[in-house]
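Encoded as structure tokens, the structure appears first; notes follow it.
Not measured: the values here are computed from a predicted model.
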Amino acid sequence: MSEQSPAPEVVYDPTDPMNRKEQMFPRLDPTMVRRIAAYGQEENVSPGTMLFERGQRGVDFFLVLDGLVEIFDVDKHGQSNVFTMYTARQFSGEMNMFNRRAVMASARVAMDSRVLRVRSEDFRRMVAAEADISEIIMRAFILRRVGLIRAGFGGVVLVGPGHSGDTLRLERFLVRNGYPHRLIDTETDPDADGFIECFQLTLDQLPVVICPERCFLQNPTTAELADELGLTETIDPDFVYDVAVAGAGPAGLAAAVYAASEGLSTIVVEGVAPGGQAGTSSKIENYLGFPTGISGQALAGRAQAQAQKFGARLAISRQASGIDCSVTPFRMFLDDGQSIQARSVIVATGARYRKLDVPGYAHFEGAGIHYACTAMEGQLCKNEEVIVVGGGNSAGQAAVFLSRIASHVHVLVRSSGLAATMSDYLVQRILLSSSITLHTHSEIVGLEGEGRLHRVTWQQRETGESTTRPCSNVFVMIGAEPNTDWLKDCLALDSKGFVLTGRCDQGHILESPYATTKAGIFAVGDVRSGSVKRVASGVGEGSVVIQAVHRYLSPTAV
């Protein structure tokens, strides 16, 4: 008898939602079912009945009492692909239940069934009132979204060259907004030729986005993609919110969580995706409560779920372009022409990394020059030399993360070292790593490449020595410029453009350290003059500012 090879070792991954099926698809106990019944209506449904369809917004919550409900998507040939089935005491839904975004899959009844329908508005009331049921539902919804992302169900196909600036832009938007997708990299994927032939594409038409319901988008803008996928929300220009938050970084999300949880009608406006600069970090290790660290994207995703759980609305892929602060309520204008009315405004638009002054720099933005360092960008750097420019914590986190992927990491700083600007734990890892070299008093002076970046030259300013290396990816994380252009003449800014808080023009102390020179408008996080540029600081400011908002909205009640 021939000797058989040993069975491959099965490694348990606790982060894989498929290893937590009992939490992903829980079966509620009869007592919980009876409590949920108080919020809904029982219905008898026949086979083939559609409970909701992909693309619908504000769908209802369904709890199966008897029978079988199928969750499915449709492939490019119009065939149904059933990927989940719910039976007695199991419920439908995922994270889109907490907002009015378009759902990513359809649900139909597979046999004579009895279901409990809870209308979307009653679902929110139930989640707020039934804490133990809410915890089970929230955990299940989060795991289901993770499962959809990993399996690609209900998502889209992105076809294009993996190193293209536009392909990266679209993929980054999908990743940061947690939207299931599959990338077919035309530079490396063997399936690419089949897709290109099937859709009769030419290389200059790439990238394209293909949806299950046969939508076809050729190199769409980020806003066009968000609209097609139903990620944006329609805003009622006549509704007046208690609080409008501009920016969904740590400070803005914290403000939204605390405002909504305290009963204030709240809306958050964000141009790209929740998380701000923190959302682009591969791992944050010095944030309280996470001893093993947490990625910026994961932290932002949890905060977004919290805010929506309490009823805050998030308008993603729309950013503030102006504000009329001469009227009350204030009117905030968005870059798509919509506007929001609010009794108070929290400015949390943060800051953006500065750019390098190097010839040809703009040509390589998105095609080798990056301002984020996550797993997505890391895939572009396997076994290659990479450069990180900057001496702050974001640059340090990027260098440590990339050292496990790239063949070597070069860290370039204009100063004499890192100690003055970076946390010590990161400094020590960089200095002790054999995969990282620190180049002090150095700056990039040359960029070369056809189509995308291939070679980088930097110069040591003290010696004048130049070094050229075959680097296709440069991560630029130097300083910050405030995102305050949209405020125009509404608020007082400091000499660098950050929002002045805590003092009015006459110099006397205001009641809140986050109050601006316009009553009813507050500023928190990196956009605020004198703020500490740390995630924990932003979260703290976003939570504390709500007390000042309450005082402004109801001065006699506080």
Side-chain angles (χ1 to χ4, degrees), residues 249-250 276-287 293 295-296 350-358 361 365 368-374 377-378 381 385-406 408-447 456-467 469 471 473-482 496-498 525-527 529-538:
Q277 279 192 9
T280 67
S281 296
S282 54
K283 180 178 282 192
I284 303 168
E285 291 191 67
N286 58 353
Y287 188 70
S295 73
R352 56 186 178 269
Y353 290 120
R354 292 201 299 265
K355 300 181 180 182
L356 299 177
D357 184 15
V358 182
Y361 184 85
E365 284 187 284
I369 294 175
H370 312 284
Y371 303 98
C373 185
T374 66
E377 288 82 15
C381 305
E385 291 186 43
V386 300
I387 295 172
V388 176
V389 183
N393 273 12
S394 295
Q397 289 159 355
V400 171
F401 170 69
L402 292 168
S403 67
R404 301 192 296 267
I405 301 170
H408 200 80
V409 180
H410 300 277
V411 178
L412 273 59
V413 295
R414 292 168 59 94
S415 63
S416 59
L418 300 172
T421 53
M422 187 181 294
S423 295
D424 185 66
Y425 79 95
L426 289 171
V427 175
Q428 296 307 317
R429 288 185 186 177
I430 289 172
L431 296 179
L432 294 173
S433 174
S434 60
S435 300
I436 305 175
T437 300
L438 174 64
H439 303 271
T440 60
H441 301 291
S442 298
E443 58 186 356
I444 292 177
V445 294
L447 302 167
V456 179
T457 300
W458 68 84
Q459 185 178 63
Q460 215 285 343
R461 293 188 299 161
E462 291 187 327
T463 65
E465 180 183 359
S466 293
T467 303
R469 299 300 302 169
C471 294
N473 294 282
V474 175
F475 296 83
V476 179
M477 297 173 173
I478 52 168
E481 296 177 343
K496 296 181 179 179
F498 291 91
D526 289 0
V527 76
S529 179
S531 66
V532 177
K533 305 301 189 281
R534 290 288 187 269
V535 174
S537 175

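- For the residue pair Val413 and Gly390, the shortest heavy atom distance occurs at CG1-O, 3.5 Å.
- Scanning all heavy atoms of the two residues, the minimum distance from Phe401 to Gly378 falls at CE2-CA, 4.3 Å.
- Looking at Gln277, Glu365, Arg352, Arg354 one by one, the single match for side chain to side chain contact (heavy atoms under 4.5 Å, CB included) with Tyr371 turns out to be Glu365.
- Remark: Leu418 CG to Leu426 CG distance equals 9.5 Å, nearest 0.5 Å.
- Atom CD1 of residue Ile430 and atom CD of residue Gln397 lie 10.0 Å apart, to the nearest 0.5 angstrom.
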**Report entry** side-chain contact (heavy atoms from CB on, under 4.5 Å) between Cys381 and Phe475, intermediate numbers included
**Finding:** CA-CA 11 Å; Cys381 305; Phe475 296 83; 3.8 Å; yes
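- Atoms CE and OG1, on Met477 and Thr280 in that order, are 5.5 Å from each other to the nearest 0.5 Å.
- The shortest heavy-atom contact between Gly479 and Tyr353 is O-CD2, 3.4 Å.
- Taken to the nearest 0.5 Å, the CG atom of Leu412 stands 11.5 Å off from the CD atom of Gln459.
- Using modelled atom types, one side-chain atom of Arg461 and one backbone atom of Arg414 make a donor-acceptor pair closer than 3.5 Å.
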Just list the side-chain donor-acceptor pairs under 3.5 Å for residues 432-441, sequence neighbours left out, or say none.
| residue | atom | partner | partner atom | Å |
| --- | --- | --- | --- | --- |
| Ser433 | OG | Ser435 | N | 3.1 |
| Thr437 | OG1 | His408 | NE2 | 2.6 |
| His439 | NE2 | His410 | ND1 | 3.0 |

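- Around the CG atom of Asp357, the shell of radius 6.0 Å holds no more than 12 heavy atoms that belong to other residues, nucleotides or ligands.
- The closest donor-acceptor contact from the side chain of Thr421 to the backbone of Gly391 lies under 3.5 Å.
- Minimum interatomic distance between Gly350 and Val527 (heavy atoms only, all atoms of both residues): N-CB, 3.6 Å.
- For the atom pair SG (Cys373) and CD1 (Ile405), the distance works out to 7.0 Å, reported to the nearest 0.5 Å.
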**Report entry** Audit row: Val476, Tyr361, side-chain contact (heavy atoms from CB on, under 4.5 Å) steps and yes/no
**Finding:** CA-CA 11 Å; Val476 179; Tyr361 184 85; 3.6 Å; yes
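- For the atom pair CG of Asp424 and CG of Leu431, the computed distance is 9.0 Å after rounding to the nearest 0.5 Å.
- Judged by distance alone, with hydrogens and angles left aside, the side-chain atoms of Asn393 form a donor-acceptor pair with the main-chain N or O of Ser423 at under 3.5 Å.
- In terms of modelled atom types and a separation under 3.5 Å, the side chain of Ser531 and the main chain of Lys533 share no donor-acceptor contact.
- The heavy-atom pair separating Tyr425 from Asn286 by the smallest distance is OH-N, 3.9 Å.
- Of the N and O atoms on the side chains of Thr374 and Glu377, at least one donor lies less than 3.5 Å from an acceptor on the other residue.
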Query raised in the report: After noting the C-alpha distance and the side-chain angles of Glu285 and Arg429, does the key distance pass the side-chain contact (heavy atoms from CB on, under 4.5 Å) rule?
Result: CA-CA 13 Å; Glu285 291 191 67; Arg429 288 185 186 177; 2.4 Å; yes
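- For the residue pair Ser281 and Ser394, the shortest heavy atom distance occurs at OG-OG, 4.4 Å.
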Query - Residues Leu447, Leu356; criterion side-chain contact (heavy atoms from CB on, under 4.5 Å); working and verdict - result: CA-CA 11 Å; Leu447 302 167; Leu356 299 177; over 6 Å; no
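- Side chains of Trp458 and Val389 form no contact here, defined as non-hydrogen atoms less than 4.5 Å apart.
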